[in-house]
Visitor: 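Take a look at the following structure, please.
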There are 2 protein chains.
Amino acid sequence: MDQSGRPAERERETELPNKSVVPVTLASVKLACSQCSLHELCLSEGLSKEELAKLDSLVGARRKLRRQQNLYRAGEPFEALYAVRTGFFKTDILLEDGRDQVTGFQMAGEILGMDGIGTEVHSCNAVALEDSEVCVIPFAQLEQLSREIQALQHNFHKVMSRELVRDQGLMMLLGTMRAEERLAAFLLNMSQRFTSRGYSPAEFHLRMTREEIGSYLGLKLETVSRAFSRFQEEGYIAVQQKHIRLLDAAGLKKLLKHPPR
Amino acid sequence: MDQSGRPAERERETELPNKSVVPVTLASVKLACSQCSLHELCLSEGLSKEELAKLDSLVGARRKLRRQQNLYRAGEPFEALYAVRTGFFKTDILLEDGRDQVTGFQMAGEILGMDGIGTEVHSCNAVALEDSEVCVIPFAQLEQLSREIQALQHNFHKVMSRELVRDQGLMMLLGTMRAEERLAAFLLNMSQRFTSRGYSPAEFHLRMTREEIGSYLGLKLETVSRAFSRFQEEGYIAVQQKHIRLLDAAGLKKLLKHPPR
DNA sequence: ATATCGTATTGACATGGATCAAAGCGGCAG
DNA sequence: CTGCCGCTTTGATCCATGTCAATACGATAT
């Protein structure tokens with residue numbers, strides 16, 4: 001059963017222990033911040049060797065999640081930030097009336113949980129969209145260490161600020177763009193993020209359903225599906241279920257800059 | 001002329017010097033953080049007397065802006081945060097194709113400029129919607145001081161986090177709500193913010209135009225106007241141009257929880 | 001008082017995306 | 001291999017909001 005005590009629905013969450021927090025021993029340095037390939041995306045950029053060592057000891061635990069498992073839920077007390085090591089997450093909010101919205105998709109090197117700092121309580125749900133692993137960063141200790149290490153402090157502030165800017169972009173998308181522009185922006189964003197992680201810019205596998213994409217973009221799943229089909233007809237992309245190939249990224253960009261009217 | 005060197009259009013921006021930064025002397029303590037009535041909204045909550053004194057010396061300048069004057073513009077280098085002392089601001093983003101969107105309205109006690117931390121460059125424009133005054137908080141010094149003062153550090157992190165949560169709420173609004181729900185949410189939010197500043201919860205003056213409200217809510221100005229009229233017909237509010245009276249806040253809340261379908 | 005200009009309201013009509021419905025596809029369990 | 005179930009695609013129709021246009025309002029300047 002999963003940690004909420006509900007019956008595990010269609011997902012297989014059975015094998016891992018409830019909160020699979022694995023303490024890191026000195027023997028397992030291969031997974032420490034100092035060795036982490038996500039350096040520049042994460043908090044450790046620009047830190048000296050000694051400073052990195054301190055950060056390593058702070059990021060003292062890791063947690064594995066199965067597909068569909070919650071990293072945290074809205075309402076739970078906030079204690080730590082999480083850096084995605086591997087895998088793929090979504091965050092979403094549920095309104096009382098049942099409506100919900102996906103507020104973001106997070107991949108390796110991105111930080112989850114900052115929504116909880118202000119109120120000590122998480123304001124959204126974070127769910128793994130595939131088997132994933134995160135670094136657990138106890139927040140009180142992060143604050144303490146970032147009082148000692150200027151670069152760490154600044155990195156953290158940058159991460160939060162970039163998140164604010166990302167949100168502004170999403171508001172722009174939701175407030176002013178039409179369906180096809182939204183999907184084009186989404187695909188280009190995905191491509192860019194995969195690229196910066198060393199994957200192919202033109203070919204990738206979407207981990208989320210059409211419904212989740214639609215929720216994120218403020219559209220219905222049918223509209224997303226139709227836009228995919230349209231893009232395929234126009235020769236911008238090749239779609240096969242969740243597998244996407246960008247055939248004409250420039251075309252998609254043009255769509256964004258010069259909206260049909 | 002205003003600081004960009006353009007002709008002042010319809011607005012009167014003539015009387016104040018270019019960058020009206022007024023140094024604060026010890027004689028003018030009445031305006032220092034330690035005396036500021038915005039305490040709990042701002043960064044100074046929970047600080048000791050000595051700590052407050054340090055913060056006072058950091059927030060060493062104030063800047064007055066006329067209606068329609070820019071506090072900063074997208075693309076300008078980021079140097080400082082700004083705490084609104086008096087007045088009312090909007091932030092907005094301009095896309096290459098001319099479309100723009102208002103991303104927020106800020107009032108006394110709220111912090112502007114955090115969008116610039118991540119890239120050292122502002123990503124949006126901040127414009128005074130009425131004659132206003134801000135405290136200038138040089139960011140490098142804020143980081144330095146918040147390495148010394150734990151409470152200041154934590155307050156700052158809270159402010160940023162709350163901004164993230166606010167953005168999530170706005171995404172929800174833009175992604176899932178219909179026009180009347182959006183406006184109801186907007187009015188209730190305004191009321192709540194005026195209330196927490198000691199103004200009447202039921203009667204207030206909107207500083208922005210219908211077009212600006214619409215831009216913020218992802219609607220056209222005509223739709224905003226119609227929703228206002230509808231609310232008036234239903235007896236929820238009384239509208240007279242920018243002057244609003246909430247006659248039935250509960251009714252508006254119900255509209256939010258139980259959408260028409 | 002009158003003209004002007006930005007803002008707001010209201011009406012008539014157009015349309016993009018939502019809704020409802022049916023069928024196709026693909027992976028997994030039995 | 002077969003059947004089921006979740007996901008996706010596609011079609012037909014509807015409706016909320018956008019668009020276009022006319023008028024009204026209110027403040028400021030003349």
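Order of the sequence lines fixes the chain letters, A, B, ..., with proteins taken first and strands second; residue numbering starts at 1 for each chain. Bear in mind that the values here come from a model prediction, so they are computed numbers and not experimental data. Keep in mind that the numbers below use all heavy atoms, side chains included, and drop hydrogens, waters and symmetry copies.
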Visitor: Of the candidate nucleotides dT9(C), dG17(C), dT8(D), which contains the atom at the shortest distance from the side chain of Ala179(A)?
Guide: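 The closest nucleotide is dG17(C).
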Visitor: Tell whether Glu222(B) reaches the base of dC20(D) with its side chain through a donor-acceptor pair below 3.5 angstrom.
Guide: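 Counting by modelled atom types and ignoring angles, a donor-acceptor contact under 3.5 Å is found here.
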Visitor: Should Asp131(B) and Arg67(B) count as an ion pair when the cut-off is N to O under 4.0 Å?
Guide: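 Salt bridge between Asp131(B) and Arg67(B), a charged N being under 4.0 Å from a carboxylate O: no.
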Visitor: Tell me what Gly218(A) touches on the nucleic acid: a base, only sugar-phosphate, or nothing, going by heavy atoms under 4.0 Å.
Guide: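 Gly218(A): backbone/sugar contact only, no base atoms under 4.0 Å.
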Visitor: Taking atom types as they are modelled, would you say the side chain of Arg226(B) forms a donor-acceptor pair with the base of dG11(C) within the 3.5 Å cutoff?
Guide: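 Indeed, a donor on one side and an acceptor on the other fall under 3.5 Å apart.
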Visitor: Consider the side chain of Ser225(A), meaning its heavy atoms from C-beta on, and name the nucleotide among dG18(D), dT10(D), dT17(D) that approaches it most closely.
Guide: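 Selected nucleotide (nearest to the side chain): dT10(D).
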Visitor: Which part of the nucleic acid does Ser229(B) contact within heavy-atom distance under 4.0 Å: base, sugar-phosphate only, or nothing?
Guide: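 Touches sugar-phosphate only.
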Visitor: Once you round it to whole Å, what is the distance between P of dT7(C) and CG of Leu206(B)?
Guide: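 Result: 14 Å.
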Visitor: Are more than 12 heavy atoms from other residues, nucleotides or ligands located less than 6.0 Å from atom CD of Glu130(B)?
Guide: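 Above 12, so yes.
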Visitor: Between Lys242(B) and dT7(C), is there a contact of a side-chain N or O with OP1 or OP2 at under 4.0 Å?
Guide: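 No, Lys242(B) has no side-chain N/O under 4.0 Å of OP1/OP2 on dT7(C).
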Visitor: When all nucleic acid strands are considered with a 4.0 Å heavy-atom cut-off, which category describes Leu219(A): base, sugar-phosphate, or nothing?
Guide: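 The answer is sugar-phosphate, as Leu219(A) gets under 4.0 Å only of primed atoms, P, OP1 or OP2.
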Visitor: Where each residue is assigned the nucleotide of DNA chain C containing its nearest heavy atom, which of Val224(A) and Gln241(A) is assigned the position nearer the 5′ end?
Guide: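 Looking at DNA chain C, the more 5' nearest nucleotide goes with Val224(A).
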Visitor: Without swapping roles, check the side chain of Ser132(A) against the backbone of Phe88(A) for a donor-acceptor pair under 3.5 Å.
Guide: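 Indeed, once roles are kept as given, a pair shorter than 3.5 Å links the two residues.
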Visitor: Got a sec: does the CD of Gln240(A) have more than 12 other heavy atoms crowding it under 6.0 Å?
Guide: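 No, CD of Gln240(A) has 12 or fewer neighbouring heavy atoms, counting only those of other groups under 6.0 Å.
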Visitor: Starting at the 5' end of DNA chain C, which residue's closest nucleotide do you reach first, Val239(B) or Met177(A)?
Guide: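 Looking at the nearest nucleotide for each, Val239(B) comes out on the 5' side.
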Visitor: Return no unless some side-chain N or O of Arg210(A) is found under 4.0 Å from OP1 or OP2 of dT9(D).
Guide: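 Checking dT9(D) against Arg210(A), a side-chain N or O does come within under 4.0 Å of OP1 or OP2.
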Visitor: Measure from the side-chain heavy atoms of Thr223(B) and tell me the nearest of dG18(D), dT9(D), dT9(C).
Guide: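 My answer, after comparing the listed nucleotides, is dG18(D).
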Visitor: Can we say Arg226(A) and Glu222(A) salt-bridge, meaning some charged N sits less than 4.0 Å from an Asp/Glu carboxylate O?
Guide: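 Not counted as a salt bridge, because no side-chain N and carboxylate O are separated by less than 4.0 Å.
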Visitor: Regarding Thr209(B), tell me which of base, sugar-phosphate or nothing describes its non-hydrogen contacts under 4.0 Å with the strands shown.
Guide: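 Result for Thr209(B) = sugar-phosphate.
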